[in-house]
There are 4 protein chains.
Amino acid sequence: MNTKRSANRRNKKELILEKAIEVFARKGSQQTTIADIAHAAKIAQGTVYVYFDSKEALLNECMQVIIGPELQGIIDSTKDIPDTMERLYEFFVKHITLVKEKPYIARFLTMEARQNEDFYSQYPDYNPLKRYIDHVVLNADIAIAEKRIRSIDTHAFAILLVGAMDFAMSMWLIQKDNLDIVAIAANIRDILKYGIND
Amino acid sequence: MNTKRSANRRNKKELILEKAIEVFARKGSQQTTIADIAHAAKIAQGTVYVYFDSKEALLNECMQVIIGPELQGIIDSTKDIPDTMERLYEFFVKHITLVKEKPYIARFLTMEARQNEDFYSQYPDYNPLKRYIDHVVLNADIAIAEKRIRSIDTHAFAILLVGAMDFAMSMWLIQKDNLDIVAIAANIRDILKYGIND
Amino acid sequence: MNTKRSANRRNKKELILEKAIEVFARKGSQQTTIADIAHAAKIAQGTVYVYFDSKEALLNECMQVIIGPELQGIIDSTKDIPDTMERLYEFFVKHITLVKEKPYIARFLTMEARQNEDFYSQYPDYNPLKRYIDHVVLNADIAIAEKRIRSIDTHAFAILLVGAMDFAMSMWLIQKDNLDIVAIAANIRDILKYGIND
Amino acid sequence: MNTKRSANRRNKKELILEKAIEVFARKGSQQTTIADIAHAAKIAQGTVYVYFDSKEALLNECMQVIIGPELQGIIDSTKDIPDTMERLYEFFVKHITLVKEKPYIARFLTMEARQNEDFYSQYPDYNPLKRYIDHVVLNADIAIAEKRIRSIDTHAFAILLVGAMDFAMSMWLIQKDNLDIVAIAANIRDILKYGIND
DNA sequence: GATGAATGAGCTTTCATTCAT
DNA sequence: GATGAATGAAAGCTCATTCAT
């Protein structure tokens with residue numbers, strides 16, 4: 001009984017989260033109404049408030065669902081690649097692949113994330129791309145220690161890499177057809193590796 | 001008379017635009033009301049609608065004012081630097097300087113710009129950073145032709161450079177104190193120049 | 001079995017009533033939600049509706065519980081005081097004592113009771129202070145018949161006495177600290193007894 | 001121009017206040033919706049918010065309108081009666097007359113006033129009947145100094161008088177037909193003057 | 001009987017937009 | 001052109017009540 005009830009509860013909450021992510025991503029959080037989400041989930045508006053305190057709380061949980069499993073999943077899935085730079089490259093590619101499969105993630109990362117300044121100020125660690133930055137810095141530090149790359153400023157390197165990822169995503173969202181994002185990834189790798197100098 | 005009237009008209013329209021940019025940048029366009037702007041410009045709310053069809057039209061004109069003079073100004077002011085790569089680096093630095101002086105520009109470029117998907121879809125060329133991308137691609141192509149740099153994919157290079165600029169700006173907006181954006185610029189230059197390989 | 005069941009039923013209903021009185025008195029009936037009461041009674045919201053038809057019905061039963069045992073108790077406990085006026089004074093004092101011990105009673109008498117105009121119109125006899133008025137009139141009539149007091153308008157006298165009690169309670173609810181309600185009672189007695197004339 | 005506009009503004013605000021008092025008095029503030037008031041004033045709901053910050057602010061202004069001019073008017077209009085006790089009696093009678101003419105005042109004084117505990121805590125001086133209490137205390141003190149009445153506790157006396165007024169109003173609101181409130185006033189005067197003792 | 005998730009009508013409040021002056 | 005009072009649609013949110021379990 002309890003387990004079934006509890007399962008229903010979790011399912012309903014997850015259903016709302018899932019639909020909310022969809023709608024938020026499609027319309028933007030400001031343009032999305034609770035009525036939109038309730039309609040998408042085929043529930044009454046009031047039901048949303050059974051599971052979430054407010055629209056803002058719902059949005060925050062959506063972001064954490066994305067930031068948590070999805071982004072961490074990418075970091076984790078590349079963990080075992082031995083070559084450090086290969087690992088970062090794979091990380092880059094997997095991120096792009098994820099975004100191509102679930103464009104709403106890009107939507108959250110590049111758009112919603114930037115609007116919630118208050119959210120950031122309160123929980124700076126939830127900044128989704130901050131996690132990426134940390135990951136890149138960590139790996140680049142290792143690569144330097146292992147003498148696989150020269151001694152560079154790893155924070156600047158992380159901004160280059162993550163900034164390029166983020167920007168490529170943004171552009172891809174707008175002009176999907178004209179952007180071969182996978183080819184771009186390979187070329188970015190080449191530039192970062194050898195530089196632009198002769 | 002006519003010219004004077006016309007001048008008044010232009011002045012009042014420019015006054016509204018100027019104040020709107022200020023308020024939009026400070027509060028975000030969604031949080032900004034027409035009343036806020038009218039108050040900032042010390043005019044009546046109805047007057048805004050004498051010069052602009054709607055709030056959205058006003059926002060769009062604000063973006064064009066920024067994208068136009070301000071960003072083009074940076075491109076133009078670095079036009080005469082002879083060395084191509086030096087020119088791009090100066091462009092990068094001037095952009096950062098501009099943003100540090102007028103943070104509302106960053107606000108528009110990194111936040112507002114991404115919210116107006118409709119705007120983009122309708123007018124893809126108004127994408128502010130698109131102009132930067134074009135500028136970087138153009139210059140990198142020249143640099144290759146002049147054999148100042150090796151033959152790279154200039155589009156990927158542009159994404160790296162502009163993406164890093166944009167991302168650094170975003171981070172700087174959130175955590176101004178902990179980000180020495182000028183030092184980062186220098187380190188990014190170094191990485192792009194020589195690559196990370198030994 | 002049946003008796004036990006019935007006892008359980010009565011117990012649960014009394015539990016709800018008891019907790020409802022507490023919560024209604026603390027927050028006011030309008031600010032109180034069924035969820036508040038269910039929470040206070042540690043039962044499910046739906047259970048409230050097993051015993052009461054509606055929130056309003058619950059409130060009405062609460063009022064009757066208070067008007068019944070509590071107020072009647074005061075009347076009864078002073079029944080045996082032989083001197084009529086002494087009896088009324090004691091009645092006054094006991095009422096004050098009761099209210100000081102159970103302030104939620106004052107809350108109901110002075111606040112909730114006045115809001116339910118519909119309730120009154122339907123059941124005028126449930127007006128809690130009406131019972132007091134009747135009691136005072138009855139006793140004053142007796143006192144006159146016994147020639148303990150002069151022939152006054154006993155209804156006016158009852159309004160004076162009960163009105164003063166009610167008003168003193170109201171003020172005491174608002175500014176508990178600054179009102180020595182017992183001293184006031186003694187002084188009111190003196191005025192009523194001898195009048196204000198020299 | 002300005003004066004006409006300004007006059008319109010004041011008129012509209014007064015119109016809203018007037019209608020709000022009517023509706024609040026008829027339905028109670030909690031049961032009254034902004035839509036009710038807007039409908040009564042034949043304006044749009046939003047217009048209410050042009051003149052008042054919130055429903056609560058509107059209610060507060062309603063109370064002040066009543067507490068201010070109306071109650072003070074009674075106090076003022078009896079100022080010139082030379083005999084102190086006669087003055088207080090006239091004050092009592094005028095209050096009753098006012099309430100009979102504008103029953104909504106009674107509604108506010110006896111009902112709304114008691115519900116807004118928060119309001120009281122914040123602005124204890126706005127307590128409408130507090131003003132009456134002060135007035136009675138002041139006059140009774142004078143009467144004692146003038147040796148027109150004996151030395152009584154004037155605060156207790158004020159509670160008797162104002163409490164009786166308030167209670168009589170409450171009862172009259174509920175059972176208008178069966179209460180000759182003017183006769184009661186005369187009898188209350190008699191009791192207070194000579195006491196109940198032989 | 002007991003539960004509590006689900007409901008949806010109804011509330012207050014906001015604000016882009018209009019229009020008589 | 002300029003005004004700002006007026007509008008009313010639409011939003012987020014609450015909560016008494018219901019009903020399948």
Side-chain angles (χ1 to χ4, degrees), chain A residues 1-2 4-6 8-9 11-13 30-38 41-58, chain B residues 5 8-9 12-13 30-39 41-58, chain C residues 5 8-9 12-13 30-39 42-58, chain D residues 1-2 4-6 8-9 11-13 16 30-38 41-58:
Chain A
M1 313 294 112
N2 252 355
K4 194 175 179 186
R5 278 249 173 116
S6 176
N8 279 340
R9 247 194 97 86
N11 287 344
K12 180 87 48 146
K13 184 167 184 178
Q30 302 260 20
Q31 312 300 337
T32 297
T33 67
I34 293 296
D36 291 332
I37 294 166
K42 288 175 189 160
I43 56 171
Q45 291 190 46
T47 307
V48 174
Y49 289 89
V50 174
Y51 296 93
F52 302 92
D53 284 344
S54 66
K55 184 186 172 183
E56 200 194 347
L58 172 56
Chain B
R5 273 212 184 154
N8 277 342
R9 218 191 125 78
K12 178 118 4 167
K13 184 167 183 178
Q30 302 264 15
Q31 313 302 335
T32 296
T33 66
I34 293 295
D36 290 333
I37 294 166
H39 182 79
K42 290 174 189 162
I43 57 169
Q45 291 189 52
T47 308
V48 174
Y49 287 86
V50 175
Y51 297 93
F52 301 92
D53 283 345
S54 66
K55 186 186 171 183
E56 203 194 346
L58 172 56
Chain C
R5 273 211 183 154
N8 277 342
R9 220 191 124 78
K12 177 111 19 161
K13 182 166 185 179
Q30 301 265 16
Q31 313 301 336
T32 296
T33 67
I34 293 295
D36 290 334
I37 294 165
H39 181 79
K42 290 175 189 162
I43 55 169
Q45 291 189 49
T47 309
V48 174
Y49 287 86
V50 174
Y51 297 94
F52 301 92
D53 285 345
S54 67
K55 185 187 172 183
E56 203 194 345
L58 172 56
Chain D
M1 314 293 111
N2 253 355
K4 195 175 181 188
R5 280 249 171 115
S6 176
N8 278 341
R9 250 193 97 85
N11 287 345
K12 180 89 48 149
K13 183 166 185 179
I16 295 172
Q30 301 261 19
Q31 312 300 337
T32 296
T33 68
I34 293 295
D36 291 332
I37 293 166
K42 289 175 189 160
I43 56 171
Q45 290 191 48
T47 307
V48 173
Y49 288 87
V50 174
Y51 296 94
F52 301 92
D53 284 344
S54 66
K55 184 186 172 183
E56 201 194 347
L58 172 57

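A, B, ... follow the sequence lines: proteins, then strands. Residue 1 opens every chain. Every heavy atom of this structure was used, including side-chain atoms; hydrogens, water molecules and symmetry mates were not. These numbers were taken from a predicted model, which means no experiment stands behind them.
Considering only side-chain atoms of D:Thr33, the nucleotide from E:dT12, E:dC15, F:dA5 that sits closest is E:dT12. Nearest nucleotide to the side chain of A:Ile43, out of F:dG4, E:dT7, F:dG8: E:dT7. In the set E:dG8, E:dT17, E:dT13, the nucleotide with an atom closest to the side chain of D:Tyr49 is E:dT13.
The interatomic distance linking C:Lys55 (NZ) with F:dT14 (P) rounds to 15 Å, in whole Å. Protein atom CG of D:Asn11 is 14 Å distant from nucleotide atom P of F:dA5, rounded to whole Å. Here F:dT17 presents its P atom at 11 Å from CD1 of C:Ile37, a figure rounded to the nearest Å. Distance D:Leu58 CG to E:dT13 C1': 14 Å, rounded to the nearest Å. In this structure, CD of C:Gln30 is placed 12 Å from P of E:dT12, rounded to the nearest angstrom. One can place CD1 of C:Ile34 at 17 Å from P of F:dC19, the figure rounded to the nearest angstrom. Straight-line distance from the CD atom of D:Gln31 to the P atom of E:dA9: 20 Å, rounded to whole Å. The CD atom of A:Gln45 sits 8 Å away from the C1' atom of F:dG12 (whole-angstrom rounding).
Summarising the geometry, atom CD1 belonging to D:Ile34 is positioned 6.0 Å from atom CG belonging to D:Leu58; distances are rounded to the nearest 0.5 Å. Remark: C:Lys13 NZ to C:Thr47 OG1 distance equals 14.5 Å, nearest 0.5 Å.
Nearest-nucleotide positions on DNA chain E for C:Gly46 and B:Gly46 put C:Gly46 closer to the 5' end. Closest-nucleotide positions on DNA chain F for A:Asp53 and B:Lys42 were compared, and the one nearer the 5' end corresponds to B:Lys42. Positionally, the nearest nucleotide of DNA chain E for C:Ala44 lies more toward the 5' end than for the other of B:Ala35 and C:Ala44. Comparing D:Val48 and A:Thr32 by the nucleotide of DNA chain F that holds the closest heavy atom to each, the one mapping nearer the 5' end is D:Val48.
In terms of phosphate contacts, C:Tyr51 brings a side-chain nitrogen or oxygen within less than 4.0 Å of OP1 or OP2 of E:dA2. At E:dA2, one or more side-chain N or O atoms of C:Lys12 fall inside 4.0 Å of OP1 or OP2 (strictly under the cut-off). For the OP1/OP2 pair of F:dT7 and a distance below 4.0 Å, the side-chain nitrogens and oxygens of D:Thr47 include at least one atom meeting the criterion.
Across all non-hydrogen atoms, the minimal contact from D:Gln31 to D:Asp36 is O-OD2, 3.8 Å. In terms of heavy-atom proximity, A:Ala35 sits nearest to A:Gln45 at CB-NE2, 3.7 Å.
Stem analysis of DNA chain E (Watson-Crick or G-U pairs, both distances under 3.5 Å, runs of at least three) returns E:2-21 with F:2-21.
At distances below 3.5 Å, not a single donor-acceptor pair connects side-chain atoms of B:Lys12 with backbone N or O atoms of B:Tyr51.
Residues forming a side chain to side chain contact (heavy atoms under 4.5 Å, CB included) with D:Ala57 (at least two apart in sequence, or on another chain): D:Asp53, D:Ser54.
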